[in-house]
Amino acid sequence: MIPRFRFAPSPTGGLHIGTARTALFNWLAARSVGGKLILRIEDTDIKRSTAAYEKSIIEDLKWFGLDWDEFYRQSERNWIYQRFARELLDENKAYRCFCTPERLEDLKKRQYAEGMMSKYDNRCRELSGGEIEKNLKEGKKFAIRFKVEDGKEIKFCDLIRGEISFRSEVIGDFIIIKSDGTPSYNFAAVVDDGDMKITHVLRGEDHITNTARQILLFKSLGFSLPSFAHISMILGKDGSKLSKRHGATTISQFREEGYLAEAIGNYLSILSWAPRDGEEIFGIRDIMGKFKIPDISKSPAIFDVDKLKWINGIYIRRKSTEELARLCTPYLIKEKIIDKKDLGNEKVMSKIVKGASALRDNLKVLNEFPQYIKDLFREKIAGYSKDAVEILTLDTSAVVLQSFLGRLESELKSFDNNQDIDFNEEKSKNLINMIGESLKELKIKGKFLYMPIRVSITGKTHGPELPRVISILGLKNCIQRVNQTLEYIKNNKL
RNA sequence: GGCGCAUUCGUCUAGUGGUCCAGGACAUGGCCCUCUCACGGCUAAAACAGGGGUUCAAGUCCCCUAUGCGCUACCA
């Protein structure tokens, strides 16, 4: 028998990072043993579910690199829930409950006040045939409740946690069909897991308690029990449930901020699971054979953005320059550093490629790209930082800048007037070396050589390697900027 | 309140009774590389929640307490 796993999101929001991890683990577990993965949309809550969320969840799952073998939507399967509910009704394992929401609310309040666990008081359990008939005739709305016998022990062996048991009296008769005719979560899930012949239920820890109810249903419905495994929750930095307060929580938010699918998959894999060899950097496909459900950690995990960033940086460094440039471009548009119509402009595009190559090692998240590169897209220097001004104040700096400017100008002359000037890294490097050579006698070298040059074309003391900066800016812009800096020195009498 | 689950460095984890004065990774500090920032390399500091058992021996097994989280819906 081939193992069958399922992933069952409800489309009441985007794909949450925790839900994505559950999806990933199901995928990993299924693919590791050659099993099938079923995607099931649990949209029985007609008030909160939307088609838009469903679409976004599916898109995110695909972007994430997951695939599945079968697809179902619970809202299209109502007839089957009705059929099984009818069966339970006929077998006297379930009954119609005519209690109003108000009465139930009241009951709950009273029980809570007495310090008791809230639980249905079984009022409609023993309604006579006549009373039911009468209520039905009056058109009273009803829900269908499942009978839970007291005094039973419900046990199951969780693949991750070991044996877990509950006593049936803490459960109470629960609703399987709501008064609007839709099935409740516990019922729909069990009917589907049974009907779809699911062998492994791998889901979030928040379902442990539900498992007790569901086991009762599996048995009453005559289905064989699947194996259960409950994955711990993902918590925020402060130990509370991960929420908007902690930053991005859905896959699409992470994608928009500039996290790579590979990085998220990798990070989520090592959150609650560790390969035997201790290696932390791997693709989700690399661990397919190694992933074992019992190895999943029991304790909750705090989501560490810093570690995700570290991993994201690693995958960014593995990208080709062209691919990285392509990935970074949308962020440039978003920050209005370039315009959409620049996408066809070869000069702009080559500048982005050069920038991507220069900044690859600095990037941790794609959306950091604009802040690093924006200065190099301007015509002029926007301003000089404090430590940059200090560099300019040095006596030797003026000498270096004159020499630099001279070199740039003579270099420019070597090109024909209307020729497209591509001043690459190699040439930039040579140019700097030549300056160094000519200033050797003055013993200007190292920091005293490079820093004034850097400051004169960027206004800052930090940035990518100098030859790269020069190459990105191009000869003309460099000349313009050095002149601007010379002007600045003069005006401020540095 | 009831029930359930969890608890190893700040964080993620390795550890399945002796090889653990507890190993790795992120983050942090220092050093090296280096024009700077990063990258890379080296290094330092940093943990078995507390208390009882069981055992020759406990991070590892059992019990209690504490703390955190989840469920306690005609949400999923």
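A, B, ... follow the sequence lines: proteins, then strands. Residue 1 opens every chain.
- Ring geometry for F166(A) against F156(A) counts as parallel: the plane angle stays under 30°, on a 0 to 90° scale with 60° as the upper cut.
- Look at CG on D304(A): it is 9 Å from C1' on G10(B), rounded to the nearest Å.
- When heavy atoms are screened at a 4.0 angstrom cut-off, S179(A) is found touching base atoms of the nucleic acid.
- The residue Y267(A) sits apart from the nucleic acid: no heavy atom pair falls under 4.0 Å.
- Salt bridge R103(A)/D121(A): present, at least one basic N to carboxylate O contact under 4.0 Å.
- Judged by Watson-Crick or G-U wobble contacts below 3.5 Å, the nucleotide C42(B) has G30(B) as its partner.
- Comparing C62(B) with U7(B), their P atoms sit 12 Å apart, to the nearest whole Å.
- Listed candidates were C35(B), A76(B), C74(B). Nearest to the side chain of P101(A) is C74(B).
- Straight-line distance from the CG atom of D277(A) to the C1' atom of G23(B): 14 Å, rounded to whole Å.
- Using a 4.0 Å heavy-atom distance criterion, S272(A) is classed as a sugar-phosphate-only contact.
- D106(A) and K109(A) are not joined by a salt bridge, as no carboxylate oxygen comes within less than 4.0 angstrom of a charged side-chain nitrogen.
- Among the atoms of the strands shown, none is found under 4.0 Å from any heavy atom of T182(A).
- Taking only side-chain atoms of V170(A), from C-beta outward, the nucleotide of C3(B), A14(B), C71(B) with the closest atom is C3(B).
- Note on I208(A): only backbone sugar-phosphate atoms sit closer than 4.0 angstrom, heavy atoms only; bases stay farther off.
- Atom CZ of R167(A) sits in a sparse spot, with 12 or fewer heavy atoms from other residues, nucleotides or ligands closer than 6.0 Å.
- Residue A301(A) places its side chain closer to U13(B) than to any other of C75(B), U13(B), C71(B).
- U19(B) and A57(B) are spaced 14 Å apart, taking the P atom of each and rounding to whole Å.
- Here the separation of U43(B) from G24(B), taken at their C1' atoms, is 16 Å to the nearest Å.
- Where S165(A) and I270(A) meet RNA chain B, the nucleotide closest to each residue was compared, and S165(A) sits on the side nearer the 5' end.
- A salt bridge links D238(A) with R245(A): the closest approach of a Lys/Arg side-chain nitrogen to an acidic carboxylate oxygen falls below 4.0 angstrom.
- Within the nucleic acid shown, C97(A) has no heavy atom closer than 4.0 Å to any nucleic acid atom.
- No contact: D387(A) has no heavy atom under 4.0 Å from any strand.
- Within the nucleic acid shown, K241(A) comes within 4.0 Å of sugar-phosphate atoms alone, with no base atom in reach, counting heavy atoms only.
- At least one donor-acceptor pair under 3.5 Å links the side chain of T393(A) to the backbone N or O of V389(A).
- Across the strands present, G4(B) finds its partner in C69(B); the criterion is a Watson-Crick or G-U wobble pair with both atom distances under 3.5 angstrom.
- For the pair T12(A) and K298(A), both in contact range of RNA chain B, the more 5′-proximal nearest nucleotide belongs to K298(A).
- Here the nucleotide nearest the side chain of E280(A), chosen from C35(B), A76(B), G24(B), is G24(B).
- Atom CD1 in I154(A) sits roughly 14 Å away from atom C1' in C71(B) (whole-Å rounding).
- The interatomic distance linking I57(A) (CD1) with A76(B) (P) rounds to 14 Å, in whole Å.
- Taking a pair to require two hydrogen-bonding distances under 3.5 Å in either a Watson-Crick or a G-U wobble arrangement, C75(B) remains unpaired.
- Of the C1' atoms belonging to C39(B) and C33(B), the separation is 10 Å, rounded to the nearest Å.
- Counting any heavy atom pair closer than 4.0 Å across all strands shown, H230(A) reaches no nucleic acid atom.
- Note: CZ (F187(A)) to C1' (C75(B)) measures 17 Å, nearest angstrom.
- The shortest distance between the side-chain N/O atoms of K237(A) and the OP1/OP2 oxygens of G10(B) is not below 4.0 Å.
- Distance, I470(A) CD1 to C35(B) C1': 12 Å, rounded to whole Å.
- For K307(A) and A27(B), a side-chain-to-base donor-acceptor distance below 3.5 Å is absent, hydrogens and geometry of angles not being considered.
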Heavy-atom protein contacts under 4.0 Å, nucleotides 36-48 of chain B, coded B base, S sugar-phosphate only, - none: BBBSS--------
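- Of the candidates A6(B), A76(B), C69(B), the closest approach to any side-chain atom of M233(A) belongs to C69(B).
- Two residues are said to be in side-chain contact when any heavy atoms from C-beta on lie closer than 4.5 Å; D277(A) and K290(A) meet this criterion.
- Summarising the base pairing, C56(B) is matched to G18(B) through a Watson-Crick or G-U wobble pair whose two defining distances lie under 3.5 Å.
- Relative to the side chain of I164(A), the nucleotides U11(B), C5(B), G70(B) differ in distance, and C5(B) lies closest.
- For D45(A), the side-chain atoms get nearest to C75(B) when compared with the rest of C75(B), G4(B), C74(B).
- Salt bridge R318(A)/E262(A): absent, no basic N to carboxylate O contact under 4.0 Å.
- Comparing A14(B) with C35(B), their C1' atoms are spaced 42 Å from each other, to the whole Å.
- At least one cation-pi condition fails for R40(A) and F7(A): the charged atom is not both under 6.0 angstrom from the six-membered ring centre and inside a 45 degree cone around its axis.
- The partner of U36(B) is absent, by the rule that a Watson-Crick or G-U pair needs both atom distances under 3.5 Å.
- With both ends at atom C1', the span from C42(B) to A58(B) equals 36 Å, rounded to whole Å.
- A cation-pi contact, defined as under 6.0 Å to the ring centre and within 45° of the axis, is absent between K307(A) and Y267(A).
- Atom NZ of K108(A) is separated from atom C1' of C71(B) by 13 Å (rounded to the nearest Å).
- Residue contacts shown for E42(A) are limited to sugar-phosphate atoms, with no base heavy atom under 4.0 Å away.
- On the C1' atoms, G59(B) is 13 Å away from G18(B), given to the nearest whole Å.
- If you measure from atom CD of Q111(A) to atom P of C71(B), you get 19 Å, rounded to the nearest angstrom.
- Checking U8(B), A73(B), C26(B) against the side-chain heavy atoms of D306(A) singles out C26(B) as nearest.
- On the C1' atoms, U72(B) is 32 Å away from U13(B), given to the nearest whole Å.
- The aromatic ring centroids of F404(A) and Y450(A) lie 6.0 Å or more from each other.
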